[in-house]
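Just so it is clear: chains get the letters A, B, ... in the order the sequence lines come, proteins before strands, and each one is counted from 1.
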Amino acid sequence: MRMSKLLLKTLREPPAEAEITSHRLLLRAGLAVPLAAGLYCFTPLGWRVLRRLETIIREEMDRSGAEEVHLPALHPIELWEATGRAQAMGQTLFRLEDRRERIFALGPTHEEVVSFLAARTIQSYRDLPVTLYQIQTKFRDEPRPRGGLIRLREFAMKDAYSFDPDWESLDASYQAAFDAYVRIFQRAGVPVIPVHADSGAIGGKDSQEFIFLTAAGEDEILLCPSCGYAANAEKADFRRLPPIAGFPQPLEKVATPGQKTIADLVAFLGVDPRQTCKAVFFRADGRPVFVAIRGDLDVNEIKLKNALKAAALEAMDEAAVRAAGLVAGSASPVGLSGVQVVADPSAVEGVNFVAGANEADYHYLNVNYGRDWTADLVVDVGLARSGDLCSVCGSPLGTRRGIEMGHVFKLGTIYSESMDVRYLDESGERRPAVMGCYGIGVERMLAACIEANHDENGIVWPPEVAPYHVHVVALNLDEEAVAEVLAGVEQALGEAGYTSLVDDRLDSAGIKFKDADLLGMPVRLTISPRALERGGVEVRDRRTGETEVVPLDGVVTRVRGILAKEGGRS
RNA sequence: CGGGGUGUAGCUCAGCCUGGCAGAGCGCUUCGUUCGGGACGAAGAGGCCCCCAGUUCAAAUCUGGGCACCCCGACCA
């Protein structure tokens, strides 16, 4: 490809809207142009990168035994109502109407549609297991698109769905998808770690995310430096500090004027935070929920939401708190009625807690579970924080930010039951297929790839992702010798199976070198009178900056060497 | 949806406080000189100053309302 005819505009300065590195370089290198919040146009160069990523994904999915399909992006809304997700997705679901006023959704994901397809094609255990995948445009009316390609409203997702006769078989399909993901991210030059995750609105059981660690990430990840336990904060388990021991004492009411927070009580009464019981109020699908948890802990709203099987969970506002008869600052599970009470085990296991008296400026001492109050539900709703102890080995956990690149999880029979994906087993019994579901965000992968592969001068593409293998800078093209060598080199590269981007523009050498660094092809060749005088063509490794003049007949070999060194196959 | 910020040329931004010809650098076009790390000279093109309303003789500038975009939080690949 000749740059003189390539549609490309690089920018010396990044647009002010771009803050994170991948976004800045994406725009500076002219790979994409924003259209609206969460929507981008991809230029020829940017599109080539996306296609190369898709190629990697296809190859590895195919290798894992998955079969590619293509499903509509436009879905009849009835499909979403059948699984209850028209409701659950809420505003995120883009809706539109056809000319006959039938309502459709723009697919934010494809469990429903793939289940529809499976229901009509899978009949027997002989048809199983099978994994279907596609690379499809997804539409989500996100509350807040952000970070360039990190969070889009329209994006390409590789989504795969496995159908198995039973859970044991699903384990194998899940593992195959997991292994494929490891290879995909490895080839794409995106370092990821698998972490335990919540399965979110889609529902399901075991769930792991492939996280790219970066300060620009949206997710908080808890990592154990000692045993390697890694989990999304919304899912992470941790070991609570032991309760403070003692024998139950009689309940006692004390005046605590103006003391509202746990920190207040700790200072005022001189007790350990672990001796206090914290009260937090929520509205789950509109109904009030009271959560009791030990004072040194915080509530994990995702865990709570899951425990309550609620579609929406929000903090209770002041008016609602009063309406529920609660006293903020002195709220207590003791003597509470008409409100669902959820307790974290930490509030149940200890003795002699300090808790509110449901009366302003008063607290109880020596509150004990079972004697003074009971919960409707006792469940782990603790939020793991930096410094909490690893549930596996007991070492202090650390936190890092990260971006979710891919997600694999075991769905089970949720969709196969509601969408009627059933098969006849060997004994002639009709059973729902056990499903798994596996996604990768393609644009997000591109962003992470830039984030992980750049230096102060620009992008440094891994060879497998680079839009072209070689960037050829031609200087003084008006000189016949240069033009001649360029033609020869281009041909030799092509015959060797390498793609090249040739800078044949009339701009100065400085501009061309700067652009070559910015655009980040793994190898740069410079063809110029100076290089020719020195006996050949200058070959430069973009990553290391190593530069050498190589005789014409050695150029292809040298290119091959650099590409192999920089990233395996190309 | 809550909190914060920004909207002036393709990009980065000044001008706004204190109302009075719409500006700079980079980019773009043409010509010439250049040609190894964002060259130089000359001549040009390019604007709904986000939108609407108000105040005023006069609004990029002041007031009100709206919209868009970005960042932080609640959601997800």
Rounding to a whole Å, what distance do you find between [X]:[atom1] and [N]:[atom2]?
X: A:L27; N: B:G27; atom1: CG; atom2: C1'; result: 16 Å
X: A:E234; N: B:C76; atom1: CD; atom2: P; result: 7 Å
X: A:D298; N: B:A74; atom1: CG; atom2: P; result: 13 Å
X: A:R140; N: B:A77; atom1: CZ; atom2: P; result: 5 Å

Identified pairing partner of B:U33, criterion: Watson-Crick or G-U wobble below 3.5 Å: B:A39
message: Which nucleotide, if any, forms a Watson-Crick or G-U wobble pair with B:A24, using both distances under 3.5 Å?
response: B:U12
Nearest-nucleotide pick for [X], side chain only, options being [options]:
X: A:F513; options: B:C76, B:G73, B:G37; answer: B:G37
X: A:P15; options: B:U12, B:G73, B:C28; answer: B:U12
X: A:E404; options: B:A77, B:G37, B:C11; answer: B:A77

Touch class at under 4.0 angstrom, heavy-atom based, for A:R534 against every strand present: nothing
- request: Spell out protein contact along nucleotides 38-48 of chain B as letters: B when the base is contacted, S when just the sugar-phosphate is, - when no protein heavy atom is under 4.0 Å; keep the 5' to 3' order.
  value: BS---------
Rounded distance in Å between the C1' positions of B:C49 and B:A9: 10 Å
What's touching nucleotides 66-70 of chain B from the protein side, N or O pairs under 3.5 Å?
| residue | atom | partner | partner atom | Å |
| --- | --- | --- | --- | --- |
| B:C69 | OP1 | A:A37 | N | 2.9 |

task: For A:R183, enumerate each residue passing the salt bridge (charged side-chain N to carboxylate O under 4.0 Å, His left out) test, keeping only those at least two apart in sequence or located in another chain.
output: A:E60
